[in-house]
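Below: one structure, written as structure tokens.
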Protein chains: 2
Amino acid sequence: MEHKPNIHDVAKLANVSIATVSRVINGQGGVRPKTEERILLAINELGYIRSAAARTMKKKETKTVGVIVPDIKNPFFPIVMAGIEQKAREKGYFTILSSTDESMAVEENIMRNFIERGVDGVIVTTANENSDHLKLLETQGIPIVAVDRVLNKLSVDTVLVDNEQGAFDAVSHLIKLGHERIAIICGPLDTTPASRRLMGFKRAMNENGLAVNSRFIVQGNFQEDGGYQAARKLFSQKERPTAIFSSNNLMSLGCLKAMQDLNWKLGQEVAFVGFDDIDIATLIEPRLTVVSRPMDHLGELAFQMLHERMLAKEHLPKREFILSPELIIRDSCSRM
Amino acid sequence: MEHKPNIHDVAKLANVSIATVSRVINGQGGVRPKTEERILLAINELGYIRSAAARTMKKKETKTVGVIVPDIKNPFFPIVMAGIEQKAREKGYFTILSSTDESMAVEENIMRNFIERGVDGVIVTTANENSDHLKLLETQGIPIVAVDRVLNKLSVDTVLVDNEQGAFDAVSHLIKLGHERIAIICGPLDTTPASRRLMGFKRAMNENGLAVNSRFIVQGNFQEDGGYQAARKLFSQKERPTAIFSSNNLMSLGCLKAMQDLNWKLGQEVAFVGFDDIDIATLIEPRLTVVSRPMDHLGELAFQMLHERMLAKEHLPKREFILSPELIIRDSCSRM
DNA sequence: ATGAAAGCGCTAACAG
DNA sequence: CTGTTAGCGCTTTCAT
């Protein structure tokens, strides 16, 4: 075969015009069965596959949505992505997934690329809340849905879990159990989830008349090593916390590893609640109490909202969809 | 703004021809600095972004590689994908990721889509070894690299870990410890890794003069529930195995949960080795002995090979790149 | 039921 | 250094 076959080749072989071939390819009907058959045969023989590029040029539509996450290695995201992909497939959309490795530069780059490719919509969890580059999308009239992030400056839909409430519930639980020296391992505070979870922590402390000790607020990075360092830091203090709230799954992992290395007895010497349920939660002893959220549902919802926006002709108002997290009480928080 | 700005709009605003604009966009030089500046200004003012579709039509190249994995929720794949994305980015390629949910139909669909979009290459871990739909790619002259799969019928490059050896090492270790009633939880046997791991298991048994008891070969599905069921099945036998080799990470998880539910004491009543290192491995008591493989490296290597193929003008011979797994001995296999 | 022809936005050869 | 022009492969009127 010389070059990739195109619509002309098919037309010639089937002895029809390219217009007719196009009609068949797109199932528009109005073609005599015999003719159609002949065309189908030709397509098969040539192994013809239509060019998305050429098609896009005419139709200005790609049936494609772009998805951007900051860290594909964080198990939270693959689950969300799977939810998105699933729903998108149902609706006849194709998803292109990308991970930015938490880099703003990469994120911007991917954005541009999405625009160049003419995606019909974008679902994004930005690396941080600085959403200037998203303006570009908005300018182009491309619908956006944010997952687990609040983008104040933009009129985009948002799907998230009530982070503040989740943290509040977790810490309240700890307090109810008699804990007073409670520590929080935070994520990057320029990020909605991290700051909201910290707010929930503070509110729980305040509403229960407990002072927030700044030495018990330790900065992490939403990565395993951050949790590890944070736990060590807490352990090294003269007066240690009796309970720890970890702001995300990866840091929980690191935290747990640190406790193990330090021989800091989980559940006995220190109570623990983590944000997000993780594999190990029910496999270690004691089993972990966690704040759980419906991740796949999050993804499905995100696509749903995007889909509505893509179909809508006029401009929709900004919407926010807040799901409730659930505190799953297991055994890692003994009474004080 | 009426319509999305195109190269003509920019040309008009900058008072030059579209050819000159094109030169600037593509950094081809040979444009008077003053002119270039004017054009850049116009681009900025209009918010112009070039259309990938139009570009692709001319250049027959997209600088894009498609990646297909069967299950994005299996933590193995995100790590491989991250490796691919990373290396691709370095080389100026864009990756589009897709998960098939283990469905052959979906996989075929995605394949077509990749071809329509004109990807320059594809990295794939097929759901099963039936690679007929990959023929299409081959016909189109699109380079393919298989990860963790052997595609006999196709002349594609393959990157994998020595599955047989990994299983052999694991089981040999068990045998050396005095175990004789050793069970294996298999994956879908129409898949390279599953069948190779089973072969490794058998070889280890044979070479050590141990009979392979068919009741100890239980079929799983590479999913958590499969591991769970399998462990229960093994537990229910009148004569239980004293050691279990689990063929993948997800099944290890299920297996462990089952043991917990059954109160089947890991490390005491039953030894355990799993294929692939997992988060929980060092967090549970006893710590898990596992076969570990360099997943990110796997991804990087895959892109490397694909890259070479994409650049090569002539047809390269089929290559196979086999990495060595490593048995990490921890505490889940006591002496018999 | 089918065909002819006009672009979609871009790149690259050629001309100046 | 810059402009003109011919397509790339397809969809879509408008004719027939």
Side-chain angles (χ1 to χ4, degrees), chain A residues 1-40 42-43 46-64 112-113 115-120 140, chain B residues 1-40 42-43 46-64 112-113 115-120 140:
Chain A
M1 187 201 325
E2 262 313 293
H3 61 100
K4 274 207 230 172
N6 62 22
I7 200 170
H8 282 104
D9 300 324
V10 176
K12 201 180 308 168
L13 183 57
N15 231 304
V16 294
S17 76
I18 59 168
T20 309
V21 175
S22 178
R23 287 186 189 103
V24 171
I25 296 173
N26 297 296
Q28 288 166 316
V31 175
R32 189 145 45 93
K34 272 216 73 174
T35 316
E36 168 151 5
E37 199 186 332
R38 218 163 358 113
I39 293 175
L40 257 15
I43 288 179
L46 259 33
Y48 166 73
I49 293 191
R50 82 165 167 328
S51 148
R55 176 167 229 261
T56 299
M57 276 193 74
K58 292 295 297 185
K59 311 242 317 174
K60 268 91 185 73
E61 159 189 285
T62 54
K63 283 285 183 184
T64 299
R112 286 197 81 79
N113 208 293
I115 299 176
E116 286 188 9
R117 282 162 196 275
V119 295
D120 297 338
Q140 311 274 328
Chain B
M1 186 202 322
E2 261 313 292
H3 61 100
K4 273 207 229 169
N6 62 22
I7 199 170
H8 282 103
D9 300 324
V10 176
K12 202 179 307 167
L13 183 58
N15 232 306
V16 294
S17 77
I18 59 167
T20 309
V21 176
S22 178
R23 287 188 190 101
V24 170
I25 296 173
N26 297 297
Q28 286 165 317
V31 176
R32 188 144 48 92
K34 273 217 73 174
T35 316
E36 167 150 5
E37 199 186 333
R38 215 158 8 106
I39 293 174
L40 256 16
I43 288 179
L46 261 30
Y48 167 74
I49 292 190
R50 84 166 168 320
S51 147
R55 176 168 229 262
T56 299
M57 275 192 75
K58 289 296 298 184
K59 311 243 316 173
K60 267 93 184 76
E61 157 189 287
T62 53
K63 284 283 184 185
T64 299
R112 285 196 82 80
N113 209 292
I115 299 177
E116 287 187 7
R117 297 173 123 80
V119 296
D120 297 338
Q140 311 275 327

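Please read all numbers here as calculations on a predicted model, not as lab measurements.
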Query raised in the report: Within the structure, does a side-chain N or O atom of A:Ser17 lie under 4.0 Å from either OP1 or OP2 of C:dA4?
Result: no

Report task. Whole angstrom is fine here: how far is it from CE in B:Met57 over to C1' in D:dG7? Result -> 8 Å

Query raised in the report: Counting side-chain heavy atoms from C-beta on, which of C:dA13, C:dG9, D:dC10 comes nearest to B:Ala19?
Result: C:dA13

Report task. Would you give the length of the straight line joining atom OG1 of A:Thr56 to atom CD of A:Glu61, rounded to the nearest 0.5 angstrom? Result -> 9.0 Å

Query raised in the report: So, is B:Ser22 close to the C:dC10 phosphate, meaning a side-chain N or O under 4.0 Å from OP1 or OP2?
Result: no

Requested in this report: Grab the NZ-P distance between B:Lys60 and D:dG7 for me, whole Å please.
Outcome: 14 Å

Query raised in the report: For the pair made of CD1 in A:Ile25 and C1' in D:dG9, what is the distance, rounded to whole Å?
Result: 10 Å

Query raised in the report: Looking at D:dG7, C:dG9, C:dA13, which one has an atom nearest to any side-chain atom of B:Lys58?
Result: D:dG7

Requested in this report: Starting from P on D:dT11, measure out to CZ on A:Arg50 and report it in whole angstrom.
Outcome: 6 Å

Report task. Give the nucleotide from the list D:dC8, D:dG3, C:dT11 with an atom nearest to the side chain of B:Arg23. Result -> D:dG3

Report task. Could you tell me whether the phosphate oxygens of D:dT11, OP1 or OP2, come under 4.0 Å of any side-chain nitrogen or oxygen in A:Gln28? Result -> no

Query raised in the report: Just checking B:Thr35: base, sugar-phosphate only, or nothing, at a heavy-atom cut-off of under 4.0 Å?
Result: sugar-phosphate

Query raised in the report: If you look at every strand shown and take non-hydrogen atoms under 4.0 Å, does A:Ser51 touch a base, only sugar-phosphate, or nothing?
Result: sugar-phosphate

Query - A:Thr20 side chain vs A:Val16 backbone, donor-acceptor pair below 3.5 Å - result: no

Report task. Can you tell me the distance, in whole Å, between the CD1 atom of A:Ile7 and the C1' atom of C:dA6? Result -> 15 Å

Query raised in the report: Across the strands shown, which category fits A:Glu61 at heavy-atom distances under 4.0 angstrom: base, sugar-phosphate, nothing?
Result: nothing

Query raised in the report: Just how far, in rounded Å, is P of C:dT2 from CD of A:Glu37?
Result: 13 Å

Query raised in the report: So what does B:Glu116 hit on the nucleic acid, given a heavy-atom distance under 4.0 Å: a base, only sugar-phosphate, or nothing?
Result: nothing

Query raised in the report: Which nucleotide sits closest to the side chain of A:Arg32: D:dG3, C:dT2, C:dG9?
Result: C:dT2

Query - Spacing of B:Lys4 atom NZ and B:Ser51 atom OG [to the nearest 0.5 Å] - result: 8.0 Å

Query - Modelled atom types, side-chain donor and acceptor of B:Thr64 and A:Arg117, under 3.5 Å - result: yes

Query raised in the report: CG of A:Asn6 versus P of D:dC10: gap in Å, rounded?
Result: 5 Å

Query raised in the report: Hey, what do you get for CD1 (B:Ile39) to CZ (B:Arg32), rounding to the nearest 0.5 Å?
Result: 10.5 Å

Query raised in the report: How many Å lie between CD1 on B:Ile43 and P on C:dG9, as a whole number?
Result: 16 Å

Query - 5' precedence on DNA chain C between A:Thr20 and A:Ala54 (nearest-nucleotide basis) - result: A:Thr20

